[in-house]
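Taking it in order: structure first as structure tokens, then the write-up.
Throughout, numbering of the chain's residues begins at 1 and tracks the sequence. Any value given below was found using the heavy atoms of this structure, including those in side chains, with hydrogens, waters and symmetry copies removed.
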Amino acid sequence: MNRRVVITGMGAITPIGNSVAEFWDGILTNKVGIDRITRFSTEEYKAKLAGEVKGFQAKNYMDNRTARRMELFSQYAVVAAKEAIEQAGLCIEDEDPYRVGTAIGSGIGSLEAMEREHQRLLEKGPGRVNPLLVPLMITNMAAGNVSIQFGLKGKSINVVTACATGTHSIGEAYRSIQCNDAEVMIAGGTESAITPLGIAGFSALTALSFSEDPLRASIPFDKERNGFVMGEGAGIVVLEELEHAIKRKAPILAELVGYGATSDAFHITSPAEDGAGAAKAMEYAIREANIVPEQVDYINAHGTSTHHNDLFETLAIKKAFGEHAAKVRISSTKSMIGHLLGAAGAVELITCVKSLEEGYLHPIVGYQIKDPECDLDYITSKGVRGDFQYALSNSLGFGGHNASLLIKRYDDL
């Protein structure tokens, strides 16, 4: 387990940009990708807003036949993976393909395919249901399609832990390289669930914000927060064993140095009220990195903008960091892109990598009113520039899943 793991490539499809460069430009300008839902009429829905991906056309990235055999969540994953692989300069022909694997998850898969084919079943009967329905909708097809498209023959897994999916996928890919199951892993999360059933289901759960103001809908840690905003997209990273990356002169963007995963064993939707499970995940990640909490400069919080999540995550940070909890800088990317569900943690890890690279920590856009119960050092109004070495990314999922990833600015000395 002494094998070091680095990030050598990144790809992103998000509500504020369909590449890492576009996404990061949006972060730097506090761009909010949340707006009124355009996919269907929301006249009868309480939730009117979402973070939709804009301007994505599969035909711009793949031929029509390939695109037709993938639902949107798989298309997002393949396109983001292509960007990550190209940045990493990874040539599969030069690798043992059985040592290059995939760990890409989706929390839901394709609700759109299920809704579409269910309607066809009701209107035209079972004989008219698309023969490809099952391979189109199931969650593992993002990993499967990426593996097929790029000839990756190593370990291929699909971790599904709701909103912690992307973080767990990257964490388990990290472990796979550490224990010598692979030299390279293409890892992350993807999601596309802005559909009538998706919005109706989360609305019925009273999990979504019913605000109609895009700038005051996803407002993590703000006293007036009232639910999350559904987002969509994909985040993919190339993880690589350090010596393998150095040997092929790959660009090293950051080092992944810690991964913690726990379960609350408490409730199907609410985090543990004392934050103990999430705190332990953070503690495990910090301990694995062999550092102390005082060395962590930044936390990209799960920060969904729901009352319970933000309160209990605040308590978890206090429990994990002790006195340093009041000093570590904290923000939530969901204030700009909404909650990407299974893709959230992966896109937020990309945010952490860029934050260390560029020395910039973004604010919680739209934050206005302080909540006395959420009293840590949240970055508000404007971003912070500085010299940062360690960043922690948190994800918490329905079912009590907690995951934390800790990255370090790469030092080749």
Side-chain angles (χ1 to χ4, degrees), residues 7 23-24 26-32 167 218-223 225 253-258 260 275 278-279 281-283 285-286 289 291-305 309-337 344-345 347-396 402-411:
I7 299 169
F23 167 67
W24 187 247
I27 293 292
L28 293 174
T29 57
N30 294 346
K31 183 177 181 180
V32 174
T167 301
S218 184
I219 46 173
F221 304 104
D222 188 293
K223 187 176 182 180
R225 66 190 185 277
L253 310 178
E255 183 172 1
L256 185 51
V257 291
M282 288 184 262
E283 289 170 15
I286 292 167
I291 65 170
V292 294
E294 288 75 16
Q295 290 176 264
V296 177
D297 301 295
Y298 171 61
I299 299 173
N300 191 293
H302 189 54
T304 60
S305 190
N309 176 92
D310 296 1
L311 172 59
F312 300 155
E313 189 174 8
T314 297
L315 296 176
I317 292 169
K318 290 180 179 179
K319 191 178 291 287
F321 282 80
E323 292 183 2
H324 186 58
K327 300 176 183 178
V328 63
R329 301 297 186 111
I330 303 166
S331 66
S332 172
T333 307
K334 293 180 179 70
S335 63
M336 286 181 263
I337 62 176
V347 171
E348 288 155 13
L349 184 71
I350 289 170
T351 305
C352 289
V353 173
K354 294 298 294 183
S355 296
L356 296 187
E357 273 191 327
E358 310 240 348
Y360 175 77
L361 310 178
H362 74 74
I364 301 171
V365 178
Y367 181 103
Q368 293 180 6
I369 302 172
K370 185 174 181 177
D371 183 344
E373 292 185 302
C374 295
D375 56 354
L376 297 178
D377 190 7
Y378 310 108
I379 304 171
T380 60
S381 69
K382 62 180 181 178
V384 176
R385 292 202 175 271
D387 183 27
F388 310 113
Q389 188 171 25
Y390 287 96
L392 182 76
S393 180
N394 287 336
S395 292
L396 318 176
N402 306 304
S404 296
L405 292 169
L406 182 63
I407 62 167
K408 178 185 180 183
R409 193 177 62 211
Y410 178 67
D411 182 359

For this session: Walk me through it: do T351 and F23 pass the test side chain to side chain contact (heavy atoms under 4.5 Å, CB included)?
Result: CA-CA 9 Å; T351 305; F23 167 67; 3.3 Å; yes
Problem set entry | From CA spacing to verdict: side chain to side chain contact (heavy atoms under 4.5 Å, CB included), Y390, I407 | CA-CA 6 Å; Y390 287 96; I407 62 167; over 6 Å; no
For this session: Please report the C-alpha distance between L406 and E255 in whole Å, then the side-chain angles of each, then the deciding distance to 0.1 Å, and finally whether the side chain to side chain contact (heavy atoms under 4.5 Å, CB included) criterion is met.
Result: CA-CA 9 Å; L406 182 63; E255 183 172 1; over 6 Å; no
For this session: Evaluate the criterion salt bridge (Lys or Arg N to Asp or Glu O under 4.0 Å) for residue pair K370 and D375; output intermediate values, then yes/no.
Result: CA-CA 8 Å; K370 185 174 181 177; D375 56 354; over 6 Å; no
Exercise. Going through the distances and angles, do T333 and N300 end up as a side chain to side chain donor-acceptor pair (under 3.5 Å)?
Worked result: CA-CA 7 Å; T333 307; N300 191 293; 2.9 Å; yes
For this session: Evaluate side chain to side chain contact (heavy atoms under 4.5 Å, CB included) for I317 paired with L376, printing each intermediate quantity in order.
Result: CA-CA 9 Å; I317 292 169; L376 297 178; 3.7 Å; yes
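T167 places none of its side-chain heavy atoms less than 4.5 Å from the side chain of L349. With a 4.5 Å cut-off on side-chain heavy atoms, L311 and R225 count as touching. Taking 4.5 Å as the limit, every side-chain heavy atom of I219 sits out of range of all side-chain heavy atoms of I364. For the pair P363 and N30, the minimum side-chain heavy-atom distance is below 4.5 Å. Using a 4.5 Å heavy-atom cutoff, the side chains of N309 and H302 are in contact. Proximity of K31 to I27: side-chain heavy atoms (C-beta onward) are nowhere separated by under 4.5 Å.
For A320 against A279, the heavy-atom pair with the smallest separation is CB-O, 3.7 Å. Here the closest heavy-atom approach between residue S393 and residue G345 is recorded as OG-O, 4.2 Å. Annotation for D222 and Q368: closest pair OD2-N, 2.7 Å, computed over non-hydrogen atoms.
Distance check, rounded to the nearest 0.5 Å: CG of L361 to CZ of F388 gives 4.0 Å. Interatomic distance, W24 CH2 to S355 OG, rounded to the nearest 0.5 Å: 4.0 Å. A distance of 8.0 Å separates CD1 in I299 from CD in E313, rounded to the nearest 0.5 Å. Interatomic distance, CD of E357 versus CD1 of I7, reported as 9.5 Å (0.5 Å rounding). The distance from atom CG of L405 to atom OG of S395, rounded to the nearest 0.5 Å, is 7.5 Å. Atom-to-atom distance recorded for D297:CG and C352:SG is 11.0 Å, nearest 0.5 angstrom.
With no hydrogens or angles considered, a side-chain donor-acceptor pair links S404 and N394 at under 3.5 Å.
Under the ring-ring contact (aromatic ring centres under 6.0 Å, His included) criterion, F221 pairs with Y378, sequence neighbours left out. The ring-ring contact (aromatic ring centres under 6.0 Å, His included) test applied to F321 returns no partner, not counting sequence neighbours.
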Only distances under 3.5 Å count here; give the side-chain donor-acceptor pairs of residues 322-332 to other protein atoms, sequence neighbours excluded, each with its distance to 0.1 Å.
unit_1: H324; atom_1: NE2; unit_2: P293; atom_2: O; d: 3.3
unit_1: H324; atom_1: NE2; unit_2: V296; atom_2: O; d: 3.1
unit_1: R329; atom_1: NE; unit_2: D377; atom_2: OD2; d: 3.3
unit_1: S331; atom_1: OG; unit_2: Y298; atom_2: OH; d: 2.7
unit_1: S331; atom_1: OG; unit_2: H362; atom_2: O; d: 2.9
unit_1: S332; atom_1: OG; unit_2: G303; atom_2: O; d: 2.8
unit_1: S332; atom_1: OG; unit_2: K334; atom_2: N; d: 3.3

